[in-house]
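Heads up: the structure comes next, in structure tokens.
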Amino acid sequence: MANSKFEYVKQFEQPDQLLPNTWVVVRIDGRGFTKFSTKYGFEKPNDKRALDLMNAAARAVMSELPDITIAYGVSDEYSFVFQKSCTLFERRASKLVSTIVSTFTAYYVHLWTSYFTDIPLSPPLPSFDGRAVCYPSIQNLRDYMSWRQVDCHINNLYNTTFWALIQLGGMDATEAEQSLKGTFSADKNEILFSKFHINYNNEPEIFKKGSVIFRDYELVEPGTHNVVEEVEKMAEPIQQSKSQAEKDKKKRAKAPIVIEHLDIIKDDFWDRRPWLLSNKPGQIPKET
Ligand SMILES: Nc1nc2c(ncn2[C@@H]2O[C@H](COP(=O)(O)OP(=O)(O)OP(=O)(O)O)[C@@H](O)[C@H]2O)c(=O)[nH]1
Ligand SMILES: [Mg+2]
């Protein structure tokens, strides 16, 4: 072996392994999107093109990385979840995060013109940061997802009311901010309805709930699968036979990747889709 005198520098590479037997979430977030959204004239408070572009980039990440079981996005952020017992292709945090960030960014730039047909990108180009967090239990993971969706709801209700006061009510930003100070959700709903005849419930689901991306199989009856108990008692990834792993891979590749705007806080979403937490692909719906 030809060791050069320079090789000692390898010792400076320190391990940054993600904890085994945990749910790994990689969250990416647009850098300086307040400025970026102004530059490209994003509609306020929600720009459908911008959200569709985020979703398209996230879907591309999911189809390139089949280890991701579910992703959730809102505004300029996306969370990608790796199932705890999946044999993660990369356990080094920095490599995993950089793979997701660069794949996402590449697709965001590549797909830009499909969504913003009349404004080409110019420097400074969009970029994203990312972090990986390990969650030890399904409850922790569910609470993480709920946290992001509650955040989406709180921000969207605030922004919808704030921009209605400005765009429809003729206020300036300071006045709008002042009139929302100390208000609760019910107050904002009331302002929207009494002043602008807007029923918040009728706002688009994509704005109210954010977007969830996952592989779609046949829904199951709630209560027929006990995934939580099964998965929580697993101490290490199941050693699959090669043929079983091949079968699962094929099933996964066949399953359509869907983008929905559903409630992911309540049990129902998870109970009907046991494959999201179990790492076992579901039934491919029979073609009709
Ligand atoms: N107008 C408009 N702006 C959006 C939309 N989605 C995201 N944004 C902007 O993106 C920002 C995202 O928030 P942050 O991530 O906290 O802000 P940031 O400027 O990206 O800052 P860093 O993430 O810290 O770099 C929002 O505050 C908005 O300004 C949209 O649909 N319409
Ligand atoms: Mg940001």
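Whatever order the structure lists ligands and atoms in, that order sets their numbers, starting from 1.
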Quiz prompt | Step-by-step side chain to side chain contact (heavy atoms under 4.5 Å, CB included) determination, Lys44 to Phe162 | solution = CA-CA 10 Å; Lys44 291 171 196 302; Phe162 178 82; over 6 Å; no

Quiz prompt | Working for side-chain hydrogen bond (donor to acceptor under 3.5 Å, both in side chains), residues Asn140 and Ser137 | solution = CA-CA 5 Å; Asn140 295 147; Ser137 72; 3.0 Å; yes

Self-check item: Under-4.0 Å salt bridge between Glu205 and Lys208
Solution: yes

Quiz item: Near ligand 1, which protein residues have a heavy atom under 4.0 Å away?
Solution: Asp29, Gly30, Arg31, Gly32, Phe33, Thr34, Ser37, Phe42, Glu43, Lys44, Pro45, Asn46, Asp47, Ser75, Asp76

Quiz item: Can we say Glu77 and Arg148 salt-bridge, meaning some charged N sits less than 4.0 Å from an Asp/Glu carboxylate O?
Solution: yes

Quiz prompt | Residues Trp23, Phe82; criterion side chain to side chain contact (heavy atoms under 4.5 Å, CB included); working and verdict | solution = CA-CA 6 Å; Trp23 299 81; Phe82 293 85; over 6 Å; no

Practice problem: Check the pair Tyr78, Ile213 against side chain to side chain contact (heavy atoms under 4.5 Å, CB included), reporting the backbone distance first and the verdict last. | Solution: CA-CA 10 Å; Tyr78 240 100; Ile213 311 188; 3.3 Å; yes

Exercise. Could you pull out the atom name of the N/O/S atom in Asp29 that is nearest the Mg ion (ligand 2)?
Key: OD1

Quiz item: Would one find an N, O or S atom of Glu77, in either backbone or side chain, under 2.8 Å from the Mg ion (ligand 2)?
Solution: no

Quiz item: Would you call Asp47 and Arg49 a salt bridge, using N to O less than 4.0 angstrom?
Solution: yes

Quiz item: Looking from the Mg ion (ligand 2), what is the angle between O on Gly30 and OD2 on Asp76, to the nearest 10°?
Solution: 90°

